[in-house]
Structure formats: C-alpha cells, structure tokens
Amino acid sequence: MNLKFVRDNPDEARRVLELRRCKVDLDRILALDDERRALVKERDERRHEQKELSLKVSVAKRAGEQCDELVTKARELSDKVKELETRLAAVEAEQEALARMLPNTVHPSVTAEEEVVAEHGQKPEFGFKPLAHWDLGEALDILDFKTSAALAGSRFVVFKGAGAALQRALIAFFLDRARRNGYTEVGVPVLANPECLEGAGQLPHMEGEMYALRDDPLCLIPTSETMLANLHRKQSLDESELPKKYVAYTLCFRREAGSYGKDVRGMVRIHQFDKVELFRYTRPEDSYAALEEMRAEAEALVRELGIPYRTKRLAAWDIAYQSAKTYDIEAWAGGAGQWLEISSISNCEDYQMRRTATRLRTASGTGYPHALNGSALALPRTYVALIENNQQQDGTILVPEALRPYLGGLERIG
RNA sequence: GGAGAGGUGGCCGAGUGGUCUAAGGCGACCGCUUGCUAAGCGGUUAUACGGGUAAUACCGUAUCGUGGGUUCAAAUCCCACCCUCUCCGCCA
C-alpha cells in the first residue's frame, strides 16, 4: 500500500487497515494530498514563467540591451517559487511521515482468522519425564545460561562442546539444502543504516526492537531480510534475470522490549540468534507460486530433522507490516511441551521494492519485482525442538541422520 | 584518523554561469536496405511528480553523488556531508 494506492482506492485502503488492526489517519493523508497537488501545480507554473523570463534576460544581455525590468520581475517570481517550495516541503514532510506508516495490502486469501494449512509428524512419546531444554542442556553441559548471564545479561546463551558443534551443524545443513535448491549464498553486514531498515520495512515500526549503536547511525539487524531486501537497492533488474534466489546466514539481534516475563527461561526468546534466511526476487505474476515453493522448502527441512510441525497461514492482523501473506511453521518441542515458531515465510509483493527503489524492466515497460523472504530455518528454537524431542532415557540426545555428516558422524550427544 | 584523486543517462565519456532541450560513442529496440564481406542508413532509447486524454498523444516541473547557499539563471561558483579508488597511520 502506498500513497497512490490510497488515493486511487480509499475504500479498499480503509478495509485493509481495519483488517490489519492498523491505525493510520487516512483522511489526513488524503487532505494533505489535495493540498500538495495544488501547491505543485502553482509552483510549476510560476517556475515556468520564471524560466521564460530568464531566457529573455539571456537573449537581451547578449544583444547588449537593458533588462533591469525583466530581472526585477524574474526575482519576484523566484521569491514566490521559494515560498511555495517551503510550504510544499512542510506538506510533503507530514504526508510522508504518515505514508511511511502504511502497511502492505493483504492477499485476498488472508482473512481475519488464522488457518492451519499443514500438520506433519507425531509428537514424541517418552517413557520417562522429558526435560525442558534448559535443564537438559545444562545437564549435558552443552548450554550454559549462568555464564551467558554473567557475560551479557539475561536472554543470552553460551553453547559448549558438542552443543556448539550442533548449532554449527544445523547452519551448515540449512545452507547446503538452500544451495541444492538453487539459492546463491551471500554474506552480509549485520549492521544496517537507516535507509536499509526503512526500505525493508523495519523502520519505523520496529524502531524500539532494534539495538542502535551509540556513536554511529547504525542498527544491529533484527533479521538478514533487512539486507537481502536491499541487495539491489536503486538498481533496475531485467525480467530475464528473475527469479533471483539468495540465502544468507547471519546473526540476528532483537531487544525483545515489551516481552518482559515472557519465555524467560532457556533460549526460546533471546537477544541474539542465528538464522538462515531465504530470499527471492520474482516477477509479480510468479510470486505466489514462489511463496508455496519456499514454504515447501522450509517444511522439508523440518521433516528431514524429524521434528513434528504445523504450518499456519497467519491472520491479517498478525502479519508483518511489509507482508501481504505469511505462513508460520511451528515446531513441537516435547520437553517443555510447546509449539515454537521456527520459520516465517512472507510474500511482501512490491512493498520493499518500492521502498528500496528496486525496479523491474520488462518488455512492456518498468515496474517493481516482488520480494519474498522465509526462514529456513531459525536457530535456537529449531535446536530446542531437536534436543527436547530426541532426548533419551539415559539422558543423551540422539542426533538425526541428516545432521550426522555435519558432526563427523556423531550419533549421540552426552 | 591523515593526504590525494574521483562520483555526469543501461554503460563509457565530453561539458567551468545563459538554446544543456546534456555532445559523442557503446549497447538495446524499431524500421529500411542488403552485388560486396560478422556490413550500411535512419529513427527511438530514463525516472518521478503534476496537468491533460476514453486511452494514446501532448504540456509542465524536477533529477548530473546528497543536502544547503549565491544568482533573474547552476552539471558548471561557494559551504557541508556521503561514497569509491590510491597512499600513509592504526589494527584482528
């Protein structure tokens, strides 16, 4: 949703905002737009007159003629233009501030209610009382929450020994699968400037959720989506180059402001986590097929790890600002007995592409590509589900077949 | 952090105050031609905003790294900043 959309379809815009439970003052935006257009029109007309006079001055000076009168008149027009520009700037500033708050539209299939669209696997049956990962991890000395608290505070974790290797194995496994699926791996900065954050849609809405640096105008990225959405910033992509498929492994950082008291134990909600992120640039007509492919790719990973999961199509009010349709994959973690969101797959359509000025050239003209992102997969939580579900009576953890090649053939932790 | 060089259309590259309405070239597209060679000729070649139209056409304004300033008039002059390259310093 952008200014043009709001102007052309005010009723539809109102409906979407309501569906998303999003409060933006549409009437004010529309009123400002009328004002803006009137100012632009007058400014352009005055400037046109001024330029014509300017040309006459030029001709007169060449001919050595007197032209003080023309100059005086031109100066008046110039002043008038400056005044109009000042007023216009104020109107545009207010309008842009409001327009930045506009979320994406939603896909017709996205309703006010969420819907479970897939379920797979059996929840594990234990012949004993299973441990939650915080107890299991400390018992095996692979997770250490005491040390992490001493190093950085609450909501961090220290991985040790085979526990650290398991984390790395998961990352390598995810990256390998993405490569097999035709993704190009990219390594990107984890510090982002405000333009990138704004372009990807993290600003202004996630402002308080990110870590800002004290001495530089940079933030630690909350997800590599921020970077991947800006990879072709201010570029024009040719239709023949699409789809572009990228995968990035990065750390992600979130302040988790406002979640005090929620998921405090263990590493279900921590400030720094690892994530392998898929990202695609597609032609607009291909994006929803791509969304289903990416969902299938992410689900395949969870299946290969033997983790029971369910996939939800999120409700309109629950999806991110930049997204038009989102699936969440939730993994079952049998120790603490809870569903954990381990992947979020979204079609952001052209929302980010407009904001990052990433254009698309086609035979019939120019437009914007569509952008999709999806975790495949997010760490700590996948890790949590894996170790909780695979714990054995003797206190060890069985390593799934798929991961053993990444752990030197290790079958068991503990 | 210091010194120097640079940033112009899809790309290369000219342009130091007034038909810049940005030369020229490359590439691309369209058309023509094809008894001379993988050739030639002609044309088109951005984006945004506003006006205009049934839709085109068309008209206006802006955009030469970014933001200010000077001027009737700025790619061009002044100031600040950003980025790239080279060298120095520091450093895993």
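Letters go in sequence order (proteins before strands), and every chain restarts at 1. Fair warning: this is a prediction, and the values are worked out from it, not measured in the lab.
Under the side-chain contact (heavy atoms from CB on, under 4.5 Å) criterion, A/Lys312 pairs with A/Glu114, A/Val116, A/Arg310, A/Leu314, A/Glu330, sequence neighbours left out. Remark: A/Val59 engages no residue in a side-chain contact (heavy atoms from CB on, under 4.5 Å) (not counting sequence neighbours). Evaluation of the salt bridge (charged side-chain N to carboxylate O under 4.0 Å, His left out) rule for A/Lys325 yields no partner, not counting sequence neighbours. Taking A/Arg303 as the reference, A/His120, A/Glu299, A/Ala300, A/Tyr309 meet the side-chain contact (heavy atoms from CB on, under 4.5 Å) condition, with sequence neighbours excluded. Legend: residues meeting side-chain contact (heavy atoms from CB on, under 4.5 Å) with A/Arg283, ordered by chain and number and at least two apart, are A/Glu239, A/Leu242, A/Glu285, A/Asp286. Scored by the salt bridge (charged side-chain N to carboxylate O under 4.0 Å, His left out) test, A/Asp274 finds no partners at all (sequence neighbours excluded). Considering only residues two or more places apart in sequence or on other chains, A/Glu388 meets the salt bridge (charged side-chain N to carboxylate O under 4.0 Å, His left out) condition with none of them.
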Could I get a table of every N or O pair under 3.5 Å where one atom is in the protein and the other is in nucleotides 62-69 of chain B?
{"unit_1": "B/rA62", "atom_1": "OP2", "unit_2": "A/Lys51", "atom_2": "NZ", "d": "3.0"}

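Here B/rC72 is the nucleotide among B/rU61, B/rG50, B/rC72 with the atom lying nearest to any side-chain atom of A/Ser78. If you check B/rG51, B/rC72, B/rU47 against the side chain of A/Val71, the one that comes closest is B/rC72.
When all heavy atoms of A/Asn104 and A/Ala324 are compared, the pair lying nearest together is ND2-N, 3.8 Å.
In the region residues 80-100 of chain A, proximity to RNA chain B at under 4.0 angstrom, judged on heavy atoms, holds for none of the residues.
Of the C1' atoms belonging to B/rC64 and B/rU76, the separation is 10 Å, rounded to the nearest Å. Taking atom C1' on both nucleotides, B/rU70 is separated from B/rG9 by 28 Å, rounded to a whole Å. One C1' atom belongs to B/rG6, the other to B/rC59, and the distance between them is 39 Å to the nearest Å. Taking atom C1' on both nucleotides, B/rG13 is separated from B/rC72 by 32 Å, rounded to a whole Å. Nucleotides B/rC12 and B/rG50, compared at atom C1', are 34 Å apart to the nearest Å. If you take atom P in B/rG15 and the same atom in B/rG27, they sit 23 Å apart, rounded to whole Å.
Residue contacts for A/Arg7: at a heavy-atom cut-off of 4.0 Å it reaches the sugar-phosphate backbone alone, with no base atom in range. Across all strands shown, A/Val57 has heavy atoms under 4.0 Å from base atoms, whether or not it also approaches the sugar-phosphate. Residue A/Gln50 is in sugar-phosphate contact alone, with no base atom involved, counting any heavy-atom pair closer than 4.0 Å across all strands shown.
Under 4.0 angstrom from either OP1 or OP2 of B/rG50 there lies at least one side-chain N or O belonging to A/Arg36. A sub-4.0 Å separation between OP1 or OP2 of B/rG60 and a side-chain N or O of A/His48 is absent.
One atom, CG of A/Leu32, and another, P of B/rC49, lie 17 Å apart when rounded to the nearest Å.
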Quiz: residues 397-406 of chain A side-chain donor-acceptor pairs under 3.5 angstrom, not counting sequence neighbours:
{"unit_1": "A/Arg404", "atom_1": "NE", "unit_2": "A/Val399", "atom_2": "O", "d": "2.9"}
{"unit_1": "A/Arg404", "atom_1": "NH2", "unit_2": "A/Val399", "atom_2": "O", "d": "2.8"}
{"unit_1": "A/Tyr406", "atom_1": "OH", "unit_2": "A/Asp176", "atom_2": "OD2", "d": "2.7"}

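Note on A/Asp34 versus A/Arg37: salt bridge recorded, some NZ/NE/NH1/NH2 to OD/OE distance being below 4.0 Å. A salt bridge does not link A/Glu35 to A/Arg87: none of the charged side-chain nitrogens sits closer than 4.0 Å to a carboxylate oxygen.
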**OP:** Dot-bracket notation for RNA chain B is requested: 5' to 3', Watson-Crick or G-U wobble pairs only, both distances under 3.5 Å, with ( ), [ ], | and . as defined.
**Re:** ((((((((.[[[..)..(.....]]]((((((.......))))))((((((......)))))).[[[[[..)....]]]]])))))))....
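Within the structure, the side chain to side chain donor-acceptor pair (under 3.5 Å) test picks out the following pairs touching residues 147-156 of chain A (sequence neighbours left out): A/Asp144-A/Thr147.
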